[in-house]
Structure formats: structure tokens, C-alpha cells
Amino acid sequence: PNPGESQEDNSLETIVRKFQDSMSVGKQHKFWETQPVGQFKDVGATNLPEGPIEPATPLSEVKQEPYNLPAQYEWTTCDMESDETCNEVYALLKNNYVEDDENMFRFNYSKEFLSWALRPPGYYKSWHIGVRAKTSKKLVAFITGIPARIRVRGEVVKMAEVNFLCVHKKLRSKRLAPVMIREVTRRVHLENIWQAAYTAGVVLPTPVTTAQYWHRSLNPKKLIDVGFSRLGARMTMSRTIKLYKLPDSPATPGFRKMELRDVPAVTRLLRNYLAQFVVAPYFDEDDVEHWLRPVENVIDSFVVESPETHEITDFCSFYTLPSSILGNQNYSTLKAAYSYYNVSTKTPLLQLMNDALTVAKQKDFDVFNALDVMFNESFVKELKFGPGDGQLHYYLYNYRLQQALRPSELGLVLL
Ligand code: MYA
């Protein structure tokens with residue numbers, strides 16, 4: 001027998017405690033328990049009203065000074081218009097941001113992407129928050145907010161979308177993250193905004209929904225070589241390559257790249273479409289111009305323009321988010337496209353998404369990813385997506401929903 005085994009405490013009490021620890025709902029959340037978010041103890045409670053958990057307070061009551069950091073560190077506001085700052089943020093995230101469970105891949109957001117994602121209409125520079133080591137001035141942590149209007153059922157709420165929370169690998173588990181979250185909250189409050197939306201791979205109190213990733217191989221040989229996917233049972237490489245083959249060009253007549261002149265039509269399409277979901281962004285033309293107009297190597301968008309009437313009837317989009325491949329001899333980057341907002345009114349969604357896959361393949365992406373939000377479940381199986389192992393939890397800060405949502409009731413994609 002393994003000598004380690006006899007050392008183990010196998011009392012019933014210990015077994016129960018270990019089981020509870022393994023379930024995140026049984027875990028203590030010393031920080032999150034203090035925050036205005038849905039608490040695990042209230043799951044299923046029907047007596048609590050929907051809407052803000054805490055009321056807004058007068059701005060004069062918002063703390064005027066930043067929260068205290070450990071003595072060796074200092075706050076910095078990151079100017080994302082500065083190439084130098086953008087480079088520092090890029091490098092911090094490239095080396096320390098989100099990895100998969102097996103630590104084989106790590107997100108590698110490009111500088112162009114960060115500059116786009118963090119500077120939407122009406123953004124606040126003060127919400128791009130860094131932490132530096134006082135002596136070396138090295139950037140060691142980061143968190144961001146951007147303003148957004150999010151509709152929850154019938155109500156449009158001004159929120160912050162919080163993203164890119166990152167603490168350098170060497171500074172983990174020192175409770176820096178709660179200080180960063182408190183500081184971004186303070187700076188959001190100073191702009192008289194009291195709600196936020198965010199996503200995370202970890203379970204926290206309490207998800208409004210949990211979405212699953214689906215992956216469509218575009219370059220199956222590379223995906224198998226780097227360990228992203230495996231050869232199916234009774235499959236050869238050449239049969240696999242054939243299985244995932246796509247047409248050379250999109251099938252839908254009038255399918256073309258979105259242009260500036262399409263902004264009014266795309267805004268109308270998107271607004272009508274997103275009205276079907278319980279939680280979704282409320283976009284105006286400025287938002288659409290920023291978020292949906294193509295930007296090289298950042299965001300691709302396409303419309304279907306009717307060849308007869310020249311009406312814009314459908315729309316699809318995906319963003320570019322490569323991952324570093326950790327420790328592979330032959331490849332260093334996985335080129336991934338992520339499904340963003342898609343609207344079908346005339347072209348069947350299945351055909352529209354097959355066209356999106358086709359152009360992504362033309363643009364040399366290795367894989368096309370989609371969450372099972374909106375109507376995405378209706379096309380994933382047919383279009384040969386496979387379910388991923390990662391889950392993405394969606395959260396609202398200071399806004400209670402009576403009940404968790406199905407992912408298909410969610411019309412929101414965060415970057
Ligand atoms: S999600 C992406 C998060 N980033 C990564 O996963 C990158 C790699 N990991 C890291 O850099 C670190 O592990 C991070 C934690 C920084 C994540 N969201 O400092 P700690 C809680 C929220 O000792 P560290 C994204 O960017 C944890 O439960 N809380 O831990 C959206 C514990 O609290 P509690 C998280 O590992 C971010 C405490 O932190 C997350 O060194 C949305 C431990 O702190 C997480 N992803 O650092 C932020 N991970 O004891 C919330 C851990 O209570 C925004 N924790 O369980 C809220 C809205 C604010 C604005 C409101 C305006 C009104």
C-alpha cells in the first residue's frame with residue numbers, strides 16, 4: 001500500500017468537510033461575502049426583490065482616497081493611448097493572464113485588441129487601473145472597467161463591464177485581488193455608476209448564468225498536434241481533415257464585410273434582435289460603430305445585403321483572441337476566433353454561421369469558439385462544434401435576479 005495513504009484522516013467528519021471544500025458553494029468567501037452580490041445562502045429565496053441590492057449613495061459619501069496597498073506597491077492609472085503603457089499591459093497579460101485547467105494555453109490579447117476593448121465611447125481613463133512595484137516601477141497587477149448600458153428585462157441600467165483582472169504569478173494568494181476590486185468599484189462609484197457585469201471561469205457568489213464553450217476545428221491537424229483536441233475514435237488524420245473541410249467562399253448571396261455606411265442598419269437589426277434576451281447590451285449607433293465595425297486582426301463583421309432590395313437582412317461577427325501555446329516545440333500560438341454578435345432575420349442562422357466559419361478559415365484561424373448563449377445552441381452540433389471543458393460564469397454586481405437564467409436567455413458577450 002501507498003505509505004501516504006495510512007496518514008490520511010478518514011473520519012466521516014473529514015470526508016464531509018473535504019467534500020464541501022470541493023464544492024465551491026460550500027466554500028467561504030471572506031471577500032465576496034461582504035459585497036452586494038447574490039449570496040449562496042439566498043439561492044432559491046423568493047422573497048427578495050429584483051433590482052439593485054444596495055441603493056446609490058450621494059457622491060460626497062464615496063471614499064475620496066484610493067484603498068491602501070501593501071507598502072511596496074503603488075497605484076497607477078494606465079493611459080491606453082500611450083504605446084509604452086499599452087506594451088506594459090500587453091506583457092503583464094501575455095505572461096500572467098488566464099490559462100486553461102491543464103496550463104497548456106494562455107490568452108494572448110494583442111495590443112490592438114486591448115486598445116479597442118478598453119476605449120469604447122465615453123470610456124474613463126481612471127478605470128484602467130494598474131499596480132506598480134514602488135522601487136522598480138514594474139507593472140504587477142491590472143484591472144479595468146468600461147461603461148456600458150445593459151438592459152435587464154425592461155430596465156436599461158448603466159453599468160461597468162469589469163475585465164482583465166490580473167495579478168503577477170509571483171504575487172498570487174496575497175489578497176491583492178480584493179483590493180483591486182474595491183478600488184475599481186470606488187472609481188466606478190465616483191462616476192455615479194452602481195452596477196457592473198463581469199465573467200469568470202471560477203465560481204463566485206452567485207452566477208446569473210453559466211455558459212459552456214463550444215469549439216469548431218478549422219485546422220484539425222494543428223489542433224491535434226498541440227494537444228487542443230484529440231483524434232476521434234476510429235478516425236484517421238485524413239478523415240478528420242475531410243470532416244472539417246469548409247467551402248472556399250461564403251454561400252449566401254450579398255454576404256460582405258460590414259462598412260461604416262451599414263452602422264444605422266446594423267444598429268436597428270441588433271437592437272431588435274437583442275430585445276429577445278433577459279440580459280443584453282443596449283447599443284446605440286456610436287456603440288455599434290465602435291464594437292462592430294471591422295478592425296484588422298481584432299474584430300471581423302459581415303452583413304448580408306439583399307442583391308435585389310439592398311436591404312441589410314443579417315449580420316455576423318467574431319473577434320480575434322490568440323492563445324500562447326505553452327511548451328510546444330513546433331507551434332507558439334493558437335489563432336482563435338470567438339463568436340460575438342450574430343443576427344439572422346432572412347438567412348438561416350445555420351447558413352450564416354457556416355459562412356462565418358468559412359471566412360474564419362480563409363483568414364487562417366485554427367479554431368472558432370462560441371458560447372451556448374443566445375441561439376448558439378441551435379447551430380453548434382450541426383456545424384461540428386465540440387463541447388469544451390471550460391465553463392464561463394456570468395455575474396452582476398449590485399443587481400439581484402430572482403432566478404438564475406438559462407444561457408440562451410443571455411444576449412451578452414464580454415471580451
Ligand atoms: S476574470 C479573469 C481573472 N483573471 C485570471 O484568471 C488571470 C489569472 N489569475 C490571476 O491573475 C489571479 O489568480 C486573480 C486572483 C487576479 C484572478 N473574479 O488576491 P487573491 C477572489 C473575482 O488572494 P489571487 C475577470 O477579469 C477569490 O474568490 N474574484 O487571489 C473579471 C477570493 O475572494 P473570496 C476573484 O489568485 C474580474 C479573492 O479573490 C477572481 O492572487 C471581475 C482572493 O484574492 C475572479 N476572477 O488573484 C472582478 N479570482 O475569499 C469582480 C479570485 O471572497 C468585479 N477571486 O473567495 C466586480 C465588480 C466591480 C465594479 C463594481 C462597480 C459598481
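Note that ligands are numbered from 1 as they come in the structure, with each ligand's atoms numbered from 1 the same way.
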message: Within the 4.5 Å heavy-atom criterion, are Leu274 and Phe277 side-chain neighbours or not?
response: yes

field: ligand 1 N/O within reach of Pro178 N/O, cut-off under 3.5 Å
entry: no

field: Protein heavy atom at shortest distance from atom 4 (N) of ligand 1
entry: Leu165 O, 2.7 Å

query: Who's closest to atom 49 (N) of ligand 1 heavy-atom-wise, of Thr185, Val202, Asn398?
result: Val202

query: Heavy atom under 4.0 Å from ligand 1: found in Lys174's side chain, backbone, both, or neither?
result: backbone

- prompt: Side chain, backbone, both or neither: which part of Ala160 comes within less than 4.0 Å of ligand 1 when only heavy atoms are counted?
  reply: neither

query: Where on Leu204 is there a heavy atom closer than 4.0 Å to ligand 1, on the side chain, on the backbone, on both, or on neither?
result: side chain

message: Could you tell me, atom by atom, which parts of ligand 1 come under 4.0 Å of a heavy atom of Asn163?
response: 26 (O)

Residue Leu176 vicinity, atoms of ligand 1 by number, heavy atom under 4.0 Å: 19 (O)

- line: Any heavy atom of Tyr395 under 4.0 Å from ligand 1? The part involved is neither

query: Is there a side-chain contact between Leu334 and Leu223, using heavy atoms and a 4.5 Å cut-off?
result: yes

message: Could you check whether Asp366 pairs with Lys221 (Lys NZ or Arg NE/NH1/NH2 to Asp/Glu carboxylate O, under 4.0 Å)?
response: no

message: If you measure every N or O of Ile143 against every N or O of ligand 1, does any of those distances drop under 3.5 Å?
response: no

message: Among all the protein's non-hydrogen atoms, which is closest to atom 50 (O) of ligand 1, and how far away is it?
response: Arg175 NH2, 2.9 Å

field: Carboxylate-amine/guanidinium contact Asp364 Lys335, below 4.0 Å
entry: no

Ser115 side chain to Arg119 side chain, donor-acceptor N/O pair below 3.5 angstrom: yes

message: Tell me the protein heavy atom at minimum distance from atom 25 (C) of ligand 1, and give that distance in Å.
response: Thr199 O, 3.7 Å

query: Considering only heavy atoms of Gln195, which atoms of ligand 1 have at least one such atom less than 4.0 Å away?
result: 63 (C)

field: Salt-bridge contact Lys137-Glu88 (side-chain N to carboxylate O under 4.0 Å)
entry: no

message: Under a 3.5 Å distance rule, please check whether Arg187 uses its side chain to pair with a backbone N or O of Ser126 as donor and acceptor.
response: yes

query: Counting only heavy atoms, which portion of Tyr198 has something under 4.0 Å from ligand 1: side chain, backbone, both, or neither?
result: side chain

- request: Determine whether the side chains of Tyr282 and Asp287 contain a donor N or O and an acceptor N or O closer than 3.5 Å.
  value: no

- line: The answer for which part of Phe31 has a heavy atom under 4.0 Å from ligand 1 is both

Six-ring centre of Phe379, Lys381 cation under 6.0 angstrom, axis tolerance 45°: no

- prompt: Taking heavy atoms and a distance under 4.0 Å, where does Val188 meet ligand 1: side chain, backbone, both or neither?
  reply: side chain

message: If I apply the N/O under 3.5 Å rule, does Glu33 come out as touching ligand 1?
response: no

